[in-house]
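A note on names: the letters A, B, ... follow the listed sequences, proteins ahead of strands, and every chain is numbered from 1.
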There are 4 protein chains.
Amino acid sequence: MAKRTKCIEKRIALLNATLHLVNNNGFHDAPMSKIAKMADVSPATIYIYFENKQDLINKLYLETKASFSKYAFKDYLTSLSVETGFELIWRNIAYFKLNQVEEANFLSQCDNISTMVDEKSRQEGLKNLQPLLDLWERGQKEGIIKPISPYLLYAYAIYPLAFLMKMQHRNDFELSEDNLTEAFESAWNAIKI
Amino acid sequence: MAKRTKCIEKRIALLNATLHLVNNNGFHDAPMSKIAKMADVSPATIYIYFENKQDLINKLYLETKASFSKYAFKDYLTSLSVETGFELIWRNIAYFKLNQVEEANFLSQCDNISTMVDEKSRQEGLKNLQPLLDLWERGQKEGIIKPISPYLLYAYAIYPLAFLMKMQHRNDFELSEDNLTEAFESAWNAIKI
Amino acid sequence: MAKRTKCIEKRIALLNATLHLVNNNGFHDAPMSKIAKMADVSPATIYIYFENKQDLINKLYLETKASFSKYAFKDYLTSLSVETGFELIWRNIAYFKLNQVEEANFLSQCDNISTMVDEKSRQEGLKNLQPLLDLWERGQKEGIIKPISPYLLYAYAIYPLAFLMKMQHRNDFELSEDNLTEAFESAWNAIKI
Amino acid sequence: MAKRTKCIEKRIALLNATLHLVNNNGFHDAPMSKIAKMADVSPATIYIYFENKQDLINKLYLETKASFSKYAFKDYLTSLSVETGFELIWRNIAYFKLNQVEEANFLSQCDNISTMVDEKSRQEGLKNLQPLLDLWERGQKEGIIKPISPYLLYAYAIYPLAFLMKMQHRNDFELSEDNLTEAFESAWNAIKI
DNA sequence: CATGAATGAGTGTTCATTCAT
DNA sequence: TATGAATGAACACTCATTCAT
């Protein structure tokens, strides 16, 4: 039992170290040796928990994505109206990006740099958005949401948050509560009929 | 007195090779040796045309950004109405992303990976959007565009195109003429009053 | 918990290889790759034992200087008379140069090429001569040694040995026991009152 | 005629640039490109005047040595007494080291770093000291100079100046007129019977 | 004669990964 | 399980020298 606990802790420490280093130094300055040092283990130990560096990144991506998903759909029920449900999810996502900055930033990097996460993991990660896609489909059937590709809906309703987060991270822009309301307004205007 | 002349073709070949490799292999797998091989020169030759790798990336970024800017504001006149002017610019940008896939993709990577282009070059590159910001300001004065931060306007009017381009590049989605019109509609809905 | 232990033998092999290569090929033709090959390790292994090339050279200098110092003051006691003490130290130094040819040659190179060893290490290395300087000071107080700068004393009493060693190394000259006695005579005549 | 003059000037500029760079940056940071830049010519031009880098260094060594020799035996006549002649030459050499710092420093580096100048040039350079060796031989015949190897005479009479010059160059020591007289005294005491 | 462009071979150094314990 | 030592292959970059003009 003690062993198991210890193991899980080291695994988590390694994932956290990777998250931190990739965000702060960039992928090309997050060598295994630094990750190991930050997690307070030997470089060789990483290979007990992960197959190789790619596997470490993939696993971190998937687990962070799952954590994002949990956050995004907190309190969401399919019984909610399309409009209420969408605002709930949208705000959850926004708050995730505001409060879980490192996780959000890491996911954004993975989604933008094609070579970072492998195709299989990316596909796997996509599944996490299913409830939102279902909501949109329902909205389209009800004539509330524009009858356009979910890619377009995502591009205009969710993706802009990534830009705003990036700008906030660079201190070029501050995502105040007011700005957030304006942003939601724009998102809704973009996709509602 | 005579000498072999530094030929601009080699410089261009090097920039093209870099563009291609960064797009296909990612920044962290675009070593100088591969760039040289692809441009059909010796690795040492790169250093005749560029100070170092960072300088090569910076210059490529700035020149690609300038080329983007030229494309984005083609046929644009400040005498056009806000609505017409915006649609013109928006479509120019969209076509740039559709037709100059590699350039667009490279710029997207540069803007997303903080450590890729240095701060000075990024600031320099930002200037290229000024005419669009001016147009929005005019639109706000005329009561046509929402009185919100330009960052929000950009996030909802322009940034979504980056996502659509990425999806198209991955063959997940096709940006047909119809989709483009839908996308423009959403962009306009998001920012117009 | 167990691990492969960093073996001191490799460190020594690396220092020896460096000593040998710098002496035979000169500082500018003693690349890390050759040092590694001669010590029978991978180039990367050097960096486990030394920070970088400068550090390797510095450490070799300091350790060789310390070894020289031990040799130079063997059997020396401050209770000896100035004359006896000086001859003892002088002969120790001469024998060091005769018997530890590579060490002596390396130290000579380091002291002559200003850019080889960094200033801090050079200053550190100077401390090793203190007992001789003390002896000279005593000799001056006793009216046996000329009341001149220790730099002058060193220049005429010790430094000439470097030249003789160099000539012997080039087979231009042989430092026989007779020559050694003549050399000591000259050294003593140069500094005694 | 004009051409010839121009050529000689470039050759001299190259030799001066090399002298300066080797002294200030050390041999390992005096690349052909820097030498060319400092002499205000193209790197390729160096190869019109010199076979290669080794040849450039060799020639510089020999010409500097010749210049040294001219300086060393200024006003010297074989008709002078051994004692007077020796002091004259000794002081000439000392002043050369004091006044022609760069030349002296360069010669010292060449004589100390075995791999810098090739054997043939070194042997050639040795001839420049012949008048001094002749003087010593005469002194020995006259019973004024110790009957010991000229290498020993050189080691104690001339070589110490190199050390004093080096210390002066490092600002550790100042070769005042008084010190110079003390130094000469030591030199003479070391070799006279 | 003189040039700047061009380069192959090499530099010191880093890194993901494996090995021996 | 866990380790620090060890490494081959690679990296960005430099340099003495040659080439084409």
Side chains of C:N58 and C:K120: do they bring a donor and an acceptor to under 3.5 Å? no

Round to a whole Å and report the spacing from CG of D:L56 to P of F:dT17. 10 Å

Between D:R11 (CZ) and E:dA2 (P), how many Å, whole number? 13 Å

Report the C-alpha separation of C:F50 and C:L60 in whole Å, then their side-chain angles, then the decisive distance to 0.1 Å, and conclude whether the side-chain contact (heavy atoms from CB on, under 4.5 Å) test is met. CA-CA 10 Å; C:F50 303 96; C:L60 176 57; over 6 Å; no

Identify which nucleotide among F:dT7, E:dA6, E:dT3 has an atom closest to any side-chain atom of B:C7, counting heavy atoms from C-beta outward. E:dA6

I'd like to know if A:K34 and A:D29 make a salt bridge, using a cut-off of under 4.0 Å between side-chain N and carboxylate O. yes

What nucleotide among F:dC13, F:dT18, F:dT17 has an atom nearest to a side-chain atom of D:K53? F:dT17

Could you tell me whether the phosphate oxygens of F:dT3, OP1 or OP2, come under 4.0 Å of any side-chain nitrogen or oxygen in A:T45? yes

A:K59 with A:D55: basic N within carboxylate O range, under 4.0 Å: yes

Comparing C:Q54 and B:P43 on DNA chain E - which has the more 5′ nearest nucleotide: B:P43

Closest to side chain of C:Y47, choosing from E:dG12, E:dA16, E:dA5: E:dG12

Nearest-neighbour nucleotide for the B:A44 side chain, E:dT3, F:dC15, F:dG8 considered: F:dC15

Given E:dA5, is OP1 or OP2 found less than 4.0 Å from the side-chain N or O atoms of B:K10? no

Tell me, which pairs form a ring-ring contact (aromatic ring centres under 6.0 Å, His included) where one or both residues lie in residues 11-42 of chain D, sequence neighbours left out? C:F27-D:H28, C:H28-D:F27

To the nearest angstrom, how far is C:I48 atom CD1 from E:dT18 atom P? 16 Å

Donor on one side chain, acceptor on other, D:N112 and C:K166, under 3.5 Å: yes

Between E:dA5 atom P and B:E9 atom CD, what is the distance in whole Å? 15 Å

Take the protein atom CD1 of C:I46 and the nucleotide atom P of E:dT13, then report the distance between them rounded to whole Å. 9 Å

Ignoring hydrogens and angles, state whether a donor on the side chain of B:S108 or B:D111 is under 3.5 Å from an acceptor on the partner side chain. no

Residues in contact with DNA chain E, drawn from residues 17-37 of chain B - heavy-atom cutoff 4.0 Å: none

Can you check the D:F50 CZ to F:dT17 C1' distance for me, whole Å? 16 Å

Could you check which of F:dA5, E:dT17, F:dT3 has an atom nearest any side-chain atom of A:N52? E:dT17

Within the 4.0 Å heavy-atom criterion, would you say B:Y49 contacts the bases, only the backbone, or no part of the nucleic acid? sugar-phosphate

Does F:dT3 pair with anything, Watson-Crick or G-U wobble, both distances under 3.5 Å, and if so, with which nucleotide? E:dA20

